[in-house]
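Below is one structure; the comments refer to it alone.
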Amino acid sequence: MKNLSFLNGDQMPIIGLGTWKSEPGQVYTAVTQAIEMGYRHIDCAAIYGNEKEIGQAIHDVIEKGIVKRSDLWITSKLWNSAHKYAAVEEALRKTLTDLQLDYLDLYLIHWPVVLKDDVVYPSKGSDFVPLSELPLEETWRAVIEMKDLGIIRHAGVSNCNSAKIEQLIAITGRVPELNQVEMHPYLQQPELVEYCQSKNIHLTAYSPLGSNDRPSRYKDLGPVLLEDKVVVQMAADKGVSPAQILIAFAIHRNISVIPKSVNPKRLAENLAAKEVSLSDAEMEQLYQLDKATRYIDGSIWMMEGSSYTKENLWEGL
Ligand code: A2P
């Protein structure tokens, strides 16, 4: 499979398995089947509430001799209520315990949004801590320290615009190695891609299929990507599925992609998208679909008394 190369030579398989919205009770089987069929990259996060079950699946496939730990690329993410310098290591250790691992391949700051220590999801303005009080660079310093200690192999961010990344680099001198953001034909983020590529920052596209199973609060946002007429027609013409077109689109941009599925047929279909080749003309047709539509628009962080706004969160608004 095509990989993204890191400066020290480490290789991240370009297709990973997304696990956001994969329920406990389903995710063990999904991760096991995925690894059995050839997935080597699993994207996790503490907030998904399923790392223990994923850890058991990883443990069992290693024990059965299907893969070695070193064959796998495991990513996880630091939640918003653990941004204090002193909280980062504890949060990381909890993730490692749950995943039954002694290191992560990649650890990301999940959002440039800070919540009070005891808040999981905010319900009122006072649940937030402004970045002016707990700047992202404090969290980033702690994450880099985890990398320097070898507990994580690579360090990065998620949901960050170029201004936030520039600030991290300016203050700490350390460049995030990857930025994971929502990305698909309806949200192509050309300026952010150009910025990250100019700094050798890899990108991972989340919600590459449009996350139709996203929580109800996001449901009204945008048309259904998998039903897009151009995507559906292109898939039919090529004898592949719409999901495979969407995954191949990211790969052709050299962007890693983490489609989520808990269904064995769709898991296999998504992995097979690595064989789908798109011509320049087909890529051009897909480039024409950009509508700057976010399915995960960050509105959950916006309420009276919160300092987080779409303007300070996202690129190019
Ligand atoms: P399921 O888990 O039942 O397969 P995203 O990766 O953008 O978050 O999208 C995940 C959603 O897309 C889930 O509802 C998932 O359902 C569905 N899905 C995953 N793979 C495919 C596929 N190949 N074709 C259609 N839907 C898919």
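Atoms within a ligand are numbered from 1 in the order they appear, just like the ligands themselves. When reading the values below, keep in mind they use all heavy atoms of this one structure, side chains included, and skip hydrogens, waters and symmetry mates. Residue numbers run from 1 in the order of the sequence given.
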At a 4.0 Å threshold, what atoms of ligand 1 neighbour a non-hydrogen atom of V262? 1 (P), 2 (O), 4 (O)

Which atoms of ligand 1 sit under 4.0 Å from any heavy atom of N263? 4 (O)

Run the side-chain hydrogen bond (donor to acceptor under 3.5 Å, both in side chains) check on D228 and Y186 step by step: do they pass? CA-CA 10 Å; D228 181 274; Y186 286 174; 2.5 Å; yes

For atom 20 (N) of ligand 1, state which one of I258, I296, L267, N270 supplies the nearest heavy atom. N270

Using the rule given for side-chain hydrogen bond (donor to acceptor under 3.5 Å, both in side chains), can you reason through N254 versus Q197, listing the C-alpha separation, both sets of side-chain angles and the distance that settles it, and then say yes or no? CA-CA 10 Å; N254 222 22; Q197 288 177 345; over 6 Å; no

Between W73 and F6, does the ring centre distance come in under 6.0 Å? yes

Looking at atom 8 (O) of ligand 1, what's its closest protein heavy atom, distance included? S211 OG, 2.5 Å

Please could you name the atoms of ligand 1 that G210 approaches to less than 4.0 Å, counting only its heavy atoms? 7 (O)

Taking side chain as C-beta onward, heavy atoms only, is K2 less than 4.5 Å from K274? no

Can you confirm whether or not the ring centre of H252 sits under 6.0 Å from the ring centre of Y287? no

So is L226 polar-close to ligand 1, meaning N/O to N/O under 3.5 Å? no

Applying side chain to side chain contact (heavy atoms under 4.5 Å, CB included), name anything that partners V120, two or more places apart in sequence or on another chain. I47, W79

Would you tell me which option among R266, H184, E269 has the nearest heavy-atom contact to atom 25 (C) of ligand 1? R266

Ligand 1 to P259 polar contact by distance, N or O atoms, under 3.5 Å: no

When you measure from atom 2 (O) of ligand 1 to each heavy atom in K265, Q244, K260, which option holds the nearest one? K260

May I ask you to check whether A243 has an N/O atom sitting below 3.5 Å from an N/O atom of ligand 1? no

Partner of N270 under side chain to side chain contact (heavy atoms under 4.5 Å, CB included), picked from I15, V257, L209, N263, is L209

Taking atom 12 (O) of ligand 1 as the reference point, the nearest protein heavy atom with its distance: L209 CD1, 4.0 Å

Protein contact to atom 14 (O) of ligand 1 [nearest heavy atom, distance to 0.1 Å]: D213 CG, 3.2 Å

One residue to check: S241. Relative to ligand 1, which of side chain, backbone, both or neither has a non-hydrogen atom less than 4.0 Å away? neither

Within the 4.5 Å heavy-atom criterion, are L136 and C160 side-chain neighbours or not? yes

Got E53 and Q26 here, is their nearest side-chain heavy-atom distance under 4.5 Å? no

